[in-house]
Each structure stands twice: as structure tokens, then as C-alpha cells.
Amino acid sequence: MNHQLDYLLAAYCSPTLAGIKPASLVSFDRMQYPNLPQQLLIYQAAFARRGIRFEVLCACRGRFLLLVYHKKQLEQRMAEARVQRVLTKFGYPAGAPLETLLDGLRRRIAAQPGFPHEIGLFLGYPIEDVMGFIRNEGRGCKLCGYWKVYGDAEAATRLFDRLSRVCHAVKTRVEQGETLLEVFAAA
């Protein structure tokens, strides 16, 4: 495994790898990581037994956009009735399997210059925050951390703290020479 890649995945994806969030998103410069899709095959095999997937959503604009997700957790999240209602507003088919929803997300990412805002639902953000961001065009949030909070700021503060602690702990172990697989082997 690649130490630099391990470190970036630790920095941005530890909450998903630790089972706290259903998915994480990270962007890689294609010039720095030209072989990323091939490298991800190693991670895919290493984390498969834990239900973790590594999928490039977009190889666009000089970047690879990588979604790291826990398949069962993300399936459960996408099956929630409220999430389904929001997704149908953006053209996703109601009750579609995860693979179909991810294909729809890929198409929406490729079709617009910025991120489709419903991506927050895939990343496990509270619905109130995703909808608040869309409604307010990113302005007037109560709190800004891992995402912009429009709902329960106290709960978000606690979760942001937990996410930060996990990222810090995993990054520290990787900095000390462990691979991501070693960090999460006992989990």
C-alpha cells in the first residue's frame, strides 16, 4: 500500500473506515495520482470483508473524485423514506438500488460544474442541513464544520468533534508507519 495515499485516505475517510459515517469523498490530482484506479484495487480487496468500497465517481477536470463508502450503511441511508423523497426531487428513481443511485450521482457530477448538493445525503449529512444548504444557497448557516449546519448545531458540534478525533488518531498511526489496513485490521 502507498503511504502517501494511506495518509490522505486517513485524513478524509477515517470516519467511514471506522463505521461512523456511511461515506466520505476525497479529490485527488490526476497528475499526482495517475494510477489511482489501479491502486484502489488493493484497497478494495483489503477492505472488502468489512463492506467498504472505493469507487471513482468522476475522472474529470484533472481530478479523480473518490467515494469511499460502507455498502450496508449507505444502502440503509438511501432507503430512508425522507432521503428517498429528497432524491426523487432531484430525478433519482424512487426505491432504486444503491448502484443505480450512485450511477445517477455520477451523471449529475459530470453534468454540472459544481457538486450536486444532494451529495450530502450520500455522505450522511442530516437532511435538515442538506435542505438548508440548498434552500439558503450556502448562506446563513448556524455552524460550519465538516458541512454547513442549518439544523441541530449542538449535535453537529459533538459529531464534528468525534469525526476530528477519529481522523487525528488514524492520521497519527499512519504517520508512525502503520498502513490503513493495519490500523483497521482489529476493527
Side-chain angles (χ1 to χ4, degrees), residues 1-60 62-80 83 98-99 101-102 105-106 109 115 119-126 129-130 143-149 152 154-187:
M1 290 190 160
N2 177 312
H3 182 75
Q4 186 179 5
L5 185 54
D6 269 5
Y7 184 80
L8 286 171
L9 292 171
Y12 295 101
C13 303
S14 291
T16 298
L17 297 173
I20 298 170
K21 282 179 78 236
S24 297
L25 192 66
V26 60
S27 177
F28 292 91
D29 184 306
R30 290 179 73 171
M31 294 296 285
Q32 283 186 279
Y33 294 91
N35 300 319
L36 182 69
Q38 294 78 18
Q39 289 175 296
L40 291 176
L41 295 174
I42 297 166
Y43 289 87
Q44 191 83 288
F47 285 89
R49 67 178 179 77
R50 299 187 66 232
I52 303 289
R53 303 278 176 93
F54 296 77
E55 286 190 31
V56 174
L57 289 180
C58 184
C60 45
R63 306 201 70 71
F64 287 115
L65 188 59
L66 174 67
L67 184 70
V68 177
Y69 65 96
H70 188 281
K71 188 173 189 281
K72 280 191 174 35
Q73 282 184 12
L74 191 53
E75 284 174 337
Q76 290 170 348
R77 168 69 173 188
M78 297 293 100
E80 292 174 16
V83 170
L98 180 58
E99 290 74 20
L101 296 175
L102 289 174
L105 181 60
R106 280 186 192 90
I109 288 170
F115 285 112
I119 199 167
L121 297 172
F122 289 84
L123 299 174
Y125 302 170
D129 296 339
V130 174
L143 176 68
C144 189
Y146 284 86
W147 61 84
K148 290 188 176 184
V149 177
D152 189 340
E154 287 181 30
T157 298
R158 288 189 301 274
L159 181 55
F160 290 169
D161 183 54
R162 184 176 180 206
L163 298 176
S164 293
R165 285 193 318 269
V166 167
C167 287
H168 177 75
V170 175
K171 284 190 310 186
T172 299
R173 289 178 67 181
V174 169
E175 285 171 346
Q176 293 170 348
E178 289 184 73
T179 67
L180 273 185
L181 186 57
E182 289 168 335
V183 171
F184 290 101

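R30 is linked by a side-chain hydrogen bond (donor to acceptor under 3.5 Å, both in side chains) to nothing, counting only residues two or more places apart in sequence or in another chain. Judged as a salt bridge (Lys or Arg N to Asp or Glu O under 4.0 Å), and not counting sequence neighbours, D152 has no contacts. Residues satisfying the salt bridge (Lys or Arg N to Asp or Glu O under 4.0 Å) test with K72, not counting sequence neighbours, are none. Annotation: side chain to side chain contact (heavy atoms under 4.5 Å, CB included) contacts of S24 (sequence neighbours excluded): C13, T16, K21. Residues meeting the ring-ring contact (aromatic ring centres under 6.0 Å, His included) test with F54, sequence neighbours left out: Y43, F47. Looking at residues two or more places apart in sequence or on another chain, you find no side-chain hydrogen bond (donor to acceptor under 3.5 Å, both in side chains) involving Y125. In terms of the side-chain hydrogen bond (donor to acceptor under 3.5 Å, both in side chains) criterion, Q32 has no residue partners (sequence neighbours excluded). Among residues two or more places apart in sequence or in another chain, the side chain to side chain contact (heavy atoms under 4.5 Å, CB included) test is passed with Q38 by N35. With sequence neighbours left out, R106 forms a side chain to side chain contact (heavy atoms under 4.5 Å, CB included) with E55, L57, L102, D103. Checked against salt bridge (Lys or Arg N to Asp or Glu O under 4.0 Å), R165 has the following partners two or more places apart in sequence or in another chain: D161. For S164, the side-chain hydrogen bond (donor to acceptor under 3.5 Å, both in side chains) test picks out Y146, with sequence neighbours left out. By the side chain to side chain contact (heavy atoms under 4.5 Å, CB included) test, C144 is found to be paired with C141, K148, residues two or more places apart in sequence or in another chain being considered.
Nearest heavy-atom pair across Q44 and I52 is OE1-O, 3.6 Å. Residues F122 and A23 share a closest heavy-atom pair of O-CB, 3.3 Å. Residues L121 and R77 approach most closely at O-NE, 3.0 Å, considering heavy atoms. The shortest non-hydrogen separation linking A156 to V149 is CB-CG2, 3.5 Å. Heavy atoms only, all atoms of each residue included: V174 and H3 are closest at O-CE1, 2.8 Å. The shortest heavy-atom contact between Q73 and G19 is NE2-O, 3.1 Å.
Taking CG of N2 as the reference point, atom OH of Y33 lies at 6.5 Å (rounded to 0.5 Å). Here CH2 of W147 is found 4.5 Å from CG of L159. Values are rounded to the nearest 0.5 Å. To the nearest 0.5 Å, the span separating CD1 on I109 from CD1 on I119 amounts to 4.0 Å. From L105, atom CG reaches atom CZ of F115 across 9.5 Å, with rounding to the nearest 0.5 Å. From T179, atom OG1 reaches atom CG of D6 across 5.5 Å, with rounding to the nearest 0.5 Å. For the atom pair L65 CG and F28 CZ, the distance stands at 10.0 Å (nearest 0.5 Å).
Between the side chain of H70 and the backbone N or O of I20 there is no donor-acceptor pair closer than 3.5 Å.
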Worked check of salt bridge (Lys or Arg N to Asp or Glu O under 4.0 Å) between K71 and E75: CA-CA 6 Å; K71 188 173 189 281; E75 284 174 337; 2.7 Å; yes

Check the pair L66, L9 against side-chain contact (heavy atoms from CB on, under 4.5 Å), reporting the backbone distance first and the verdict last. CA-CA 10 Å; L66 174 67; L9 292 171; 3.8 Å; yes

Intermediate values then yes/no, side-chain contact (heavy atoms from CB on, under 4.5 Å), L17 and V166: CA-CA 10 Å; L17 297 173; V166 167; over 6 Å; no

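D29 places a side-chain heavy atom less than 4.5 Å from the side chain of R63.
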